Number of protein chains: 2
Amino acid sequence: MGVAERKERHKEDLKKDILTAAKQLFTEKGFEATSIRAIAEKIEYSPATIYLYYKDKNEIVHALHQDGFNLLMQHFSKIDFSQPAFARLIALGRAYMQFAFEHPDVYALIFSMKEPMQHVAECEKEWHEGDRAFSMLYKTVEACKEEGYFKHMESVGLSFIIWSTMHGLCTLHKTGHLEHMALSCAEVTTLNMDVNALLDHNFETFVNLLEKLKN
Amino acid sequence: MGVAERKERHKEDLKKDILTAAKQLFTEKGFEATSIRAIAEKIEYSPATIYLYYKDKNEIVHALHQDGFNLLMQHFSKIDFSQPAFARLIALGRAYMQFAFEHPDVYALIFSMKEPMQHVAECEKEWHEGDRAFSMLYKTVEACKEEGYFKHMESVGLSFIIWSTMHGLCTLHKTGHLEHMALSCAEVTTLNMDVNALLDHNFETFVNLLEKLKN
DNA sequence: CAATTTACTAAACACTGTTCATAAAATTTT
DNA sequence: AAAATTTTATGAACAGTGTTTAGTAAATTG
């Protein structure tokens, strides 16, 4: 039946429309400030209609969570993979930071919210997107070892530490903690840097630190 | 006038009562789930009364922000400062983690929320608590240098990197990202660890990394 | 004792996520 | 083609949120 198919397609379309509207509003106004009513208004349907396509707001968040990870992987795919492993690792870090600041709400959604992760845990179904992203980091770390880096260091733990450092740096920047320190903290103001310079400086310090772990 | 003083004291008392009620509810039910109405009910006043003592919810959050930092410093003060600098740095890291998991809501309040930091920035008045905490880390890093650690590394940048790593580790744990990886990610499950073991392992890996930066 | 200031609150406003009975459209059956 | 049925969409309501305002009760002052 072609008719049933067309209807099914139409339903799928509306599901996607809700998602794109939600995504747009999330990145415009932020996650907390986006209401179901606002999403409904954007797609010109009633708020109740949203609930015919998504169980609740968390399910919408979860759908965007998936999208967000695909976007992150897309950012990673721009990296030149013919580089040596260590240069690749640094490029990965830079791409991560770039992603965090180009898509702050998407970043917050996939890395700073607990709700979508709870959804993943409850769903019990695998979460390839997240695993693939970590796997990418892990394999790069392993490859670095063949270049003489990180000898006698456990790769999973080190991968987590690198991820944590990047995540910490990005989040402390976005909450304004870095900015405060750059402006007010006596120990930091001696460097005479603005927030972005401080962020770059910190990243460079991290690169410098990792470089010392060769041989 | 003794009367005016007593009244003033009574007013200050009520301000503190609001704060302790808010603190209790925040740690019980979490920040988002705590309403002005609930705080009002706990102190047996009307919701509108709260607004006679605090401009809005953010001002309450800011007051707790200050308290939270004092609590953190209190945790730090338990550290044995007669230890060598590097051991002190590790102890500082452990105390930080302990604080993050003993007081998850306070931690989120002071390190993961942007609202109280905006308040600090708008107030223009100095924020000694935060500066002192960072200063402590910075001075310990500097002291480590005299023990042969972190040679030719810029101390402010390194301090931020260490803070970022700890912050990243704590937040990724609390969002459930660590837990997911420990359960589902092929590269991680080979370690056969539960979440807490993985967290400890990651911290140990970090300590191991820092130890390699001697001489 | 009356006037005034201070302390407090009930009620309302404009929101939020979510549910449910009802209405409208589309499809299937008669 | 008309009637019955299923699918799709919604208005209105529920219980909650932060916040403002107008008005009341209590305490202080003249």
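Fair warning: this is a prediction, and the values are worked out from it, not measured in the lab. Just so it is clear, the values below take in all heavy atoms, side chains as well, and ignore hydrogens, waters and symmetry mates. Each chain gets a letter, A, B and so on, in the order its sequence line appears, and its residues count up from 1.
Distance, Phe31(B) CZ to dG18(D) C1': 11 Å, rounded to whole Å. One can place OH of Tyr51(A) at 21 Å from C1' of dT7(D), the figure rounded to the nearest angstrom. Taking atom CD of residue Glu44(B) and atom P of nucleotide dA10(C), one finds them 13 Å apart after rounding to whole Å. The interatomic distance linking Tyr54(B) (OH) with dT19(D) (P) rounds to 14 Å, in whole Å. Here dT6(D) presents its P atom at 18 Å from CG of Leu52(A), a figure rounded to the nearest Å. Rounded to a whole Å, the CD1 atom of Ile60(B) is 9 Å from the P atom of dG18(D). As rounded to whole Å, 11 Å separates atom P of dT19(D) from atom CD1 of Ile50(B). If you measure from atom CG of Leu14(B) to atom P of dA7(C), you get 10 Å, rounded to the nearest angstrom.
For Ser159(B), the side-chain hydrogen bond (donor to acceptor under 3.5 Å, both in side chains) criterion is met by no residue, not counting sequence neighbours. Residues forming a side chain to side chain contact (heavy atoms under 4.5 Å, CB included) with Ala48(A) (at least two apart in sequence, or on another chain): Ser46(A). Glu204(B) meets the salt bridge (Lys or Arg N to Asp or Glu O under 4.0 Å) test with Arg94(B); sequence neighbours excluded. In this view, His177(B) and Thr175(B) satisfy the side-chain hydrogen bond (donor to acceptor under 3.5 Å, both in side chains) rule, not counting sequence neighbours. Remark: Ala182(B) pairs with Leu198(B) by the side chain to side chain contact (heavy atoms under 4.5 Å, CB included) rule, at least two apart or across chains. For Lys23(B), the salt bridge (Lys or Arg N to Asp or Glu O under 4.0 Å) partners at least two apart in sequence or on another chain are Asp67(B). Lys174(A) is linked by a salt bridge (Lys or Arg N to Asp or Glu O under 4.0 Å) to nothing, counting only residues two or more places apart in sequence or in another chain. Scanning for side chain to side chain contact (heavy atoms under 4.5 Å, CB included) contacts around Lys29(B) gives Leu25(B), Ala33(B), Thr34(B), with sequence neighbours left out. Residues satisfying the side chain to side chain contact (heavy atoms under 4.5 Å, CB included) test with Gln66(A), not counting sequence neighbours, are His62(A), Trp127(A), Glu129(A).
Sorted by residue number, the list of members of residues 106-121 of chain A with any non-hydrogen atom under 4.0 Å from DNA chain D is empty.
Taking 4.0 angstrom as the limit, Ser46(B) places none of its side-chain polar atoms (N or O) nearer than this to OP1 or OP2 of dA10(C). Contact between the side-chain N/O atoms of Tyr45(B) and the OP1/OP2 oxygens of dT9(C) is not found at any separation under 4.0 Å.
Between Tyr96(B) and Phe111(B), a ring centre-to-centre spacing shorter than 6.0 Å is recorded. Aromatic pair Phe76(B)/Phe69(B): centroids not less than 6.0 angstrom apart.
Rotation axes derived from the C1' atoms of the five outermost pairs at either end of the helix from dC1(C)-dG30(D) to dT30(C)-dA1(D) lie 30° apart, to the nearest 10°.
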Polar atom pairs between nucleotides 13-16 of chain C and protein, under 3.5 Å, N or O only, would you list them?
unit_1, atom_1, unit_2, atom_2, d
dT16(C), OP1, Ser35(A), OG, 2.8

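The environment of NZ in Lys16(B) is sparse: at most 12 heavy-atom neighbours from other residues, nucleotides or ligands sit within 6.0 Å.
Listed candidates were dT18(C), dT9(C), dT19(C). Nearest to the side chain of Ala48(A) is dT19(C).
In this structure, Tyr53(B) reaches the sugar-phosphate backbone alone: every heavy-atom distance under 4.0 Å involves primed, P, OP1 or OP2 atoms, never a base.
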